[in-house]
Structure formats: C-alpha cells, structure tokens
There are 2 protein chains.
Amino acid sequence: MRPTSIKPRWLSTEQQVIWRQFLSGTGRIFAELDAELRSFGLDLGEYEILVHLSDNPDHELRMSELADKVRQSRSRLTHTVSRMEAKNILTRIACPSDRRGVMAKLTDEGYALLVEAAPHHVESVRRVLVDVVEPEDFIALGRLMGAVVQAPEQS
Amino acid sequence: MRPTSIKPRWLSTEQQVIWRQFLSGTGRIFAELDAELRSFGLDLGEYEILVHLSDNPDHELRMSELADKVRQSRSRLTHTVSRMEAKNILTRIACPSDRRGVMAKLTDEGYALLVEAAPHHVESVRRVLVDVVEPEDFIALGRLMGAVVQAPEQS
DNA sequence: CGGGCACACTTGAGAGTTCAACCAATGCAG
DNA sequence: CTGCATTGGTTGAACTCTCAAGTGTGCCCG
C-alpha cells in the first residue's frame, strides 16, 4: 500500500551533494571490503558472523541474538549458517535452556579462518576509510552513526 | 589467492566502536530506505537508476555511464534494466552515435513513478539521517565521504 | 585494408536473498 | 490445567546478483 499525501521538504543542494557522496562512499567501502574478504571465501556478512561469535567466551551465540547483532533476517541467517556449516566454519548445537533454540558455534577451523582474515580486513578498513579521512571527521562519523542507530524506530 | 604476511595495525578501541556504529548505522539507513521504496515496487538501486536518468535532459543515458553513476556492474544493470523494461518503467533504444551502445530511457510512466516516490524517499532520508544528526556532523560526513571517494584506487 | 585487441552490452548458470508459509516449544490468561 | 497467541527457527520457491563466457562493433597499427 502506497503512502499518500506528503508535504515534500526537499533537501538543499548542499544536502543533496552530501547524500550522494554518502551513497558513493559507502558503496566503495563495502565493495572493497567484500573484494578483500573474497580471497578467504567470505563476504562481509559472513565475516561479521565470525566476529560476533568470537566475541563470546565459548564462541557461540543463539541464532536470534546473532541475527540481531549482524542485522540479518532470521531466514537469511539460517541459510548462511547452513552454508558455513557445510564448510566446517561453524556448527549448530541445541540450546540447553530453551528447546526451541539453536546455537551457532565456531569450529576451530572457523576460528582459525577468522584469525587469518582479520588482519587483512582491518588493513582494508584502514586503507579505504580510517587512514584517508581527517581524524576529527572520523570521530564525527561515530557521533552521527550513533545518533542514527539510537533514533526511535517509528515504523 | 590469499594475501600473505601482513603487519597488523589494529584499530584502537574507539576506532572499533566507531566502525561498528558505522556498520549498524548504514545497515539501518539502507534497510529503512528500501522498506519505504518497497511500497512503490522499487528498491534503492532501481530508484537511483530513475534519479540518474531523470537528471538528464532527455531522461536517457547510456548503459555504461548509468552503470558507473549507480555503481552497479554492467551485468547487474542489464538484468535490472530488463526487469524495469518489462514493467514499463523505461525502454532501451539504440545509441545513434555508437552502434555498440544502448541507451536506457525513462518512459512517461517511469517518470511519473519517480515523481510519486521522490517526496516519500526524501522524507525517509530526513527521518533516518538528516533530521536526527547534528548539522555539523552531517557536513563532516560529506567531507569524509568525499575523501573516501577520491582516495586512490590502489587495487 | 585486414588482423587483432578493446569496448559495450548480453547471456545463462550458480550462488545468495527474500518472502510467506510452516512446525515446534513457550508462556500467559482464564 | 488448557487454550491460544508469541517466539525461535526452518523451509522452499521466486527472485536477484555474480561471475565467466559470448556476441558484435569500434579502432589502431602495420
């Protein structure tokens, strides 16, 4: 169903320029990170799964929690985890406290892969973003994205 | 082929926090924009195609130019344009000056769709980004993304 | 002028994602 | 307790994207 009757508050020219630069910049950032990770057979989504699993003491996390942290739909996560399971990067184990639950757990192989990929990934993040911008702008980026994340949902 | 022997220059804790906020923030921004555009049967990629076509006097543009502007692979653009053509949003016409070339041209319907969707899209951009951040941080975002885009390719 | 390389775009198959059911366990209301 | 909405996760089909290969045109160099 299409929304109707909006009073258009257009963006100023300067705002439009910034917005387009945002689209180009993020496009480039994600493209380069994906390209770099491809050498390890991963994409950014999978890499983030590894990172969040490894953040936890036992390298395991419930599917739904993981889905929230990596901002993927449950369905997508199920499929992705299945693929990664087939590659021996992680396993699924039953959740002890809730019989509906499933936990994804990093295998040793999966952890080793993360350890191998991480330095290259970090280097990419530096090369494409951190090292090419003014430190104070980078700080501002953090403030800005913090505000975006905390803004109320308002579906 | 995997890259080898990297000296890891890790990110500081503050930098990591900013980086994760960047991932979350952009994730949210794109998710909301896509959700809003879905009511018009579009996603952000298709919407950008409409915008760039409408930027030109005749509402037409060569495929490869368009591909560059929207940062999509030629292959992807071919598929997307085919789909949009099937929906009567645009047409393909032969390029007069180069027989290899193809131009995508907005139909009246396609232009009408853009006109209808645009105000809602702009409103989304405001709601999810422009209106929730400090103006000076938004300016900084522009500066920062400008630097990212202009940074040398260094494959 | 003609051989060959580069460019513009398309194609099709495989890989990944989305969307709408679906099943099973939980938990709360009466 | 029992009924029923909710939550957690999966499934499969339809759709989209990627990657490598293919077609046809332009252009340069001898």
Side-chain angles (χ1 to χ4, degrees), chain A residues 1 27 30-50 52-53 60-87 89-105 155, chain B residues 1 27 30-49 53 60-87 89-105 155:
Chain A
M1 183 197 41
F30 292 127
E32 297 227 20
L33 295 185
D34 268 336
E36 168 76 48
L37 285 169
R38 191 155 45 253
S39 7
F40 299 94
L42 296 169
D43 64 21
L44 188 54
E46 294 166 332
Y47 181 84
E48 281 199 83
I49 290 173
L50 297 189
H52 283 284
L53 288 177
E60 64 186 44
L61 213 45
R62 278 192 72 163
M63 291 291 281
S64 47
E65 256 182 281
L66 184 53
D68 290 345
K69 297 208 195 228
V70 300
R71 303 168 314 283
Q72 295 187 13
S73 70
R74 279 141 207 270
S75 174
R76 179 177 172 185
L77 185 64
T78 294
H79 288 301
T80 306
V81 162
S82 300
R83 263 177 271 129
M84 295 173 82
E85 195 173 22
K87 292 192 213 160
I89 291 173
L90 46 75
T91 28
R92 267 187 261 235
I93 60 185
C95 175
S97 59
D98 183 342
R99 247 180 304 178
R100 292 169 302 179
V102 173
M103 320 204 71
K105 180 179 175 69
S155 98
Chain B
M1 183 196 44
F30 293 127
E32 297 226 19
L33 295 185
D34 268 337
E36 168 77 48
L37 286 169
R38 191 154 48 251
S39 8
F40 300 94
L42 296 170
D43 64 20
L44 187 54
E46 295 167 331
Y47 181 83
E48 281 198 82
I49 290 173
L53 288 178
E60 64 186 44
L61 213 45
R62 277 191 71 163
M63 291 291 281
S64 46
E65 257 183 279
L66 184 53
D68 290 344
K69 297 209 195 227
V70 299
R71 305 168 312 283
Q72 295 187 13
S73 71
R74 279 139 207 266
S75 174
R76 178 176 171 186
L77 185 64
T78 294
H79 287 301
T80 306
V81 162
S82 300
R83 263 178 270 128
M84 295 172 83
E85 195 173 21
K87 292 191 214 161
I89 292 172
L90 47 74
T91 29
R92 267 187 260 235
I93 58 185
C95 175
S97 59
D98 183 343
R99 246 180 305 177
R100 292 170 302 180
V102 173
M103 320 204 70
K105 180 181 174 66
S155 94

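Being a predicted model, the structure only gives us computed values, none of them experimental. Residue numbering restarts at 1 for every chain, and letters A, B, ... go by the order of the sequence lines.
M84(B) has its CE atom 14 Å from the C1' atom of dT16(D), to the nearest Å. Put simply, CD on Q72(B) is 12 Å from P on dT16(D), counting in whole angstrom units. Protein atom CZ of R71(A) is 14 Å distant from nucleotide atom P of dT17(C), rounded to whole Å. For K87(B) and dT16(D), the NZ to C1' distance is 11 Å, given to the nearest whole Å. For L77(B) and dT16(D), the CG to C1' distance is 14 Å, given to the nearest whole Å. One can place CG of L66(B) at 11 Å from P of dT10(C), the figure rounded to the nearest angstrom. If you take CG of D43(A) and P of dG16(C), they are 8 Å apart, rounded to a whole angstrom. Computed from coordinates, the D34(A) CG to dC17(D) P distance equals 14 Å when rounded to whole Å.
Using a 4.5 Å heavy-atom cutoff, the side chains of D68(B) and R74(B) are in contact. Using a 4.5 Å cut-off on side-chain heavy atoms (C-beta onward), V81(A) and V102(A) make no contact. Residues E65(A) and H52(A) fail the side-chain proximity criterion, which asks for heavy atoms closer than 4.5 Å. For the pair M103(B) and P96(B), the minimum side-chain heavy-atom distance is below 4.5 Å. Between E85(A) and L90(A) the shortest side-chain heavy-atom distance falls below 4.5 Å. Side-chain contact check for I89(B) versus I49(B): every heavy-atom pair is 4.5 Å or farther apart. Taking 4.5 Å as the limit, some side-chain heavy atom of T78(A) sits within range of a side-chain heavy atom of R92(A).
Nearest-nucleotide positions on DNA chain C place T80(A) closer to the 5' end than the other of S97(A) and T80(A).
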Could you list the protein-to-nucleotides 22-25 of chain D atom pairs, N/O on both sides, closer than 3.5 Å?
none

Nucleotide N/O of nucleotides 11-14 of chain C paired with protein N/O under 3.5 Å:
from: dT11(C); atom 1: O4; to: S75(B); atom 2: OG; distance (Å): 2.9
from: dG12(C); atom 1: O6; to: H79(B); atom 2: NE2; distance (Å): 2.9

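Of the options L33(A), L37(A), V70(A), a side chain to side chain contact (heavy atoms under 4.5 Å, CB included) to Y47(A) is made by L37(A) and by none of the others.
Taking side-chain N and O atoms only, S73(B) has no distance below 4.0 Å to OP1 or OP2 of dC17(D). Not one side-chain nitrogen or oxygen of R38(B) sits closer than 4.0 Å to the OP1 or OP2 atom of dT18(C). Regarding contacts with the backbone of dT17(C), a side-chain N or O of R83(A) is found under 4.0 angstrom from either OP1 or OP2. Residue R76(A) places no side-chain N or O under 4.0 Å from the OP1 or OP2 atom of dC19(C).
Of the possible donor and acceptor atoms, none in the side chain of E48(B) sits under 3.5 Å from a partner among the backbone N and O of G45(B).
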